[in-house]
Amino acid sequence: MNPKTSASSVTPLRARRAALDILLTTDPFDKARLARELGALARGGRIEFGAALELAEPPGIPGRPPQPELVPPRSLERRAMHTDAGRAALIHALAHIEFNAINLALDAVWRFAGLPEAFYADWLGVAAEEAYHFTLLADHLTGMGFRYGDFPAHNGLWEMAQKTSGDLLARLALVPRTLEARGLDASPPIRAKLWQAGDRRAAHILDIILRDEIGHVAVGNRWYRWCCAQQALDPLEAYRELAQRYQAPHLKGPFNLDARRAAGFDEAELAALMQATQSPAA
């Protein structure tokens, strides 16, 4: 798909191919626009998914612009929230998370064949909402006198996607249910900081993101449990094994338990999460 064209040009049996084409798009604003268009087509039932298509992985995944520079997380400079540059750096970090989240959802659509059409429809919907979040944050950043790419960023989300590229169950366990679920915990304190700093617009954007991210994590939970059922696995035990095998990061509290419950985590999972944070290894 040419990024300057419309996603409405998608023909039957090419929706998963279209997701791959959008994933390869390097301009972040073209990627966001096309992801929203493809999501709208899926929501309206105007495309076929081509679930059986086996697509070869091309070079260049994921498409990304030359900037921001990607650096290790520990190399990122901490900036004061009371300065314009400090708030802009935070907004930029959030925009980068949303940009990666577009890529993650699109990658799930094209990479994993032979699944129910509802799986692809769900993740195209997630990609469209992540694109909306990215656009809100990037536009706000522009209004502050900065732009996406002005600050360095890290690549942690996509690195886990690479680790789990051959294992759908691990992808679902460790990306939406682990790394993206951390956003449910982080969002309220970040929102409070932005509100206290006087950035009401950013705080309201965080409200939108938290609302939608609960739904995104719920999608991950639903399909993770579906995969566990298909393989006759206990979801809690399978998660423990996958987290160890793929060296998932240890999660630290405080946790937004209400948001996690709304996203579909059950009480046994929440109890295990709390217990893991209290162990010496955590």
Side-chain angles (χ1 to χ4, degrees), residues 68 70-82 86-105 126 129-138 140-141 144 148 151-161 172-221 239 243 247-265 269-270 272-274 276-278 282:
L70 299 180
V71 300
R74 292 181 180 179
S75 299
L76 294 174
E77 179 184 353
R78 293 197 174 190
R79 297 172 183 260
M81 283 291 294
H82 66 272
R87 289 194 300 278
L90 175 57
I91 299 299
H92 186 277
L94 297 172
H96 184 68
I97 290 170
E98 299 302 324
F99 177 75
N100 263 322
I102 303 170
N103 290 332
L104 290 165
V126 170
E129 289 185 346
E130 305 289 19
Y132 173 54
H133 300 164
F134 170 79
T135 303
L136 287 174
L137 291 164
H140 183 54
L141 195 62
M144 299 173 71
Y148 178 63
F151 300 92
H154 72 80
N155 202 34
L157 272 173
W158 187 256
E159 288 169 359
M160 183 57 78
L172 294 169
L174 303 179
V175 175
R177 299 183 78 247
T178 301
L179 298 183
E180 293 187 279
R182 293 171 77 173
L184 305 183
D185 308 320
S187 185
I190 292 174
R191 183 201 186 279
K193 289 180 181 179
L194 289 166
W195 186 272
Q196 186 176 17
D199 195 336
R200 304 293 194 258
R201 175 57 179 159
H204 289 311
I205 292 172
L206 264 288
D207 290 336
I208 294 170
I209 291 175
L210 178 59
R211 177 200 68 195
D212 293 344
E213 292 298 338
I214 289 172
H216 301 173
V217 176
V219 168
N221 270 321
Y239 179 81
Q247 299 180 319
H250 292 294
L251 302 185
K252 298 180 180 180
F255 299 109
N256 188 344
L257 296 179
D258 288 342
R260 284 177 173 268
R261 288 187 182 99
F265 288 98
E269 289 170 317
L270 295 178
L273 179 67
M274 299 297 289
T277 63
Q278 296 167 4

Checklist outcome for this item: Scanning both residues in full, the closest heavy-atom pair of Ile209 with Glu98 reads CG2-OE2, 3.7 Å
Next on the checklist: Looking at every heavy atom in both Ile214 and Ala263, which two are closest together, and how far apart are they?
Outcome noted: O-CB, 3.5 Å
Checklist outcome for this item: Between the CE atom in Met274 and the CG atom in Leu251, the distance rounded to the nearest 0.5 Å is 11.5 Å
Item to check | Heavy atoms from other residues, nucleotides or ligands near CZ of Arg78 exceed 12 (cutoff 6.0 Å) | outcome: no
Next on the checklist: So which atom in Ala105 and which in Val126 form the shortest heavy-atom distance, rounded to 0.1 Å?
Outcome noted: CB-CG1, 4.0 Å
Item to check | For the student: nearest non-hydrogen atoms of Leu141 and Tyr148, plus distance | outcome: CD2-N, 3.5 Å
Next on the checklist: If I take atom OH from residue Tyr132 and atom CG from residue Leu137, how far apart are they, to the nearest 0.5 angstrom?
Outcome noted: 10.5 Å
Next on the checklist: Working note: Asp207 + Arg211, criterion side chain to side chain contact (heavy atoms under 4.5 Å, CB included); need CA distance, chi angles, decisive distance, verdict.
Outcome noted: CA-CA 6 Å; Asp207 290 336; Arg211 177 200 68 195; over 6 Å; no
Checklist entry - Which value, rounded to the nearest 0.5 Å, describes the distance between Leu104 atom CG and Met160 atom CE? => result 11.0 Å
Checklist entry - Would a 4.5 Å heavy-atom cut-off, applied to side chains only, mark Ile208 and His204 as touching? => result no
Item to check | Spatial distance of atom CE (Met144) from atom CD1 (Ile91) [nearest 0.5 Å] | outcome: 6.0 Å
Checklist outcome for this item: side chain to side chain donor-acceptor pair (under 3.5 Å) filter on His92, not counting sequence neighbours, yields none
Checklist entry - Which of these passes side chain to side chain contact (heavy atoms under 4.5 Å, CB included) with Leu206: Leu194, Leu136, Asp199? => result Leu194
Next on the checklist: Counting C-beta onward and ignoring hydrogens, is there a side-chain heavy-atom pair between Gln196 and Lys193 closer than 4.5 Å?
Outcome noted: no
Checklist entry - Which pairs with one or both residues in residues 176-187 pass side-chain hydrogen bond (donor to acceptor under 3.5 Å, both in side chains), sequence neighbours excluded? => result Arg177-Asn221, Arg177-Glu269, Thr178-Tyr239, Asp185-Arg260
Item to check | Rounded distance [0.5 Å steps], CG in Leu184 versus CG in Asp258 | outcome: 11.0 Å
Checklist outcome for this item: Correct closest heavy-atom pair for Trp195 and Ala203 would be CE3-CB, 3.6 Å
Next on the checklist: With rounding to the nearest 0.5 angstrom, report the NE2 to CG distance, His96 to Asn155.
Outcome noted: 5.5 Å
Checklist outcome for this item: Scanning both residues in full, the closest heavy-atom pair of Pro188 with Asn256 reads CG-ND2, 3.5 Å
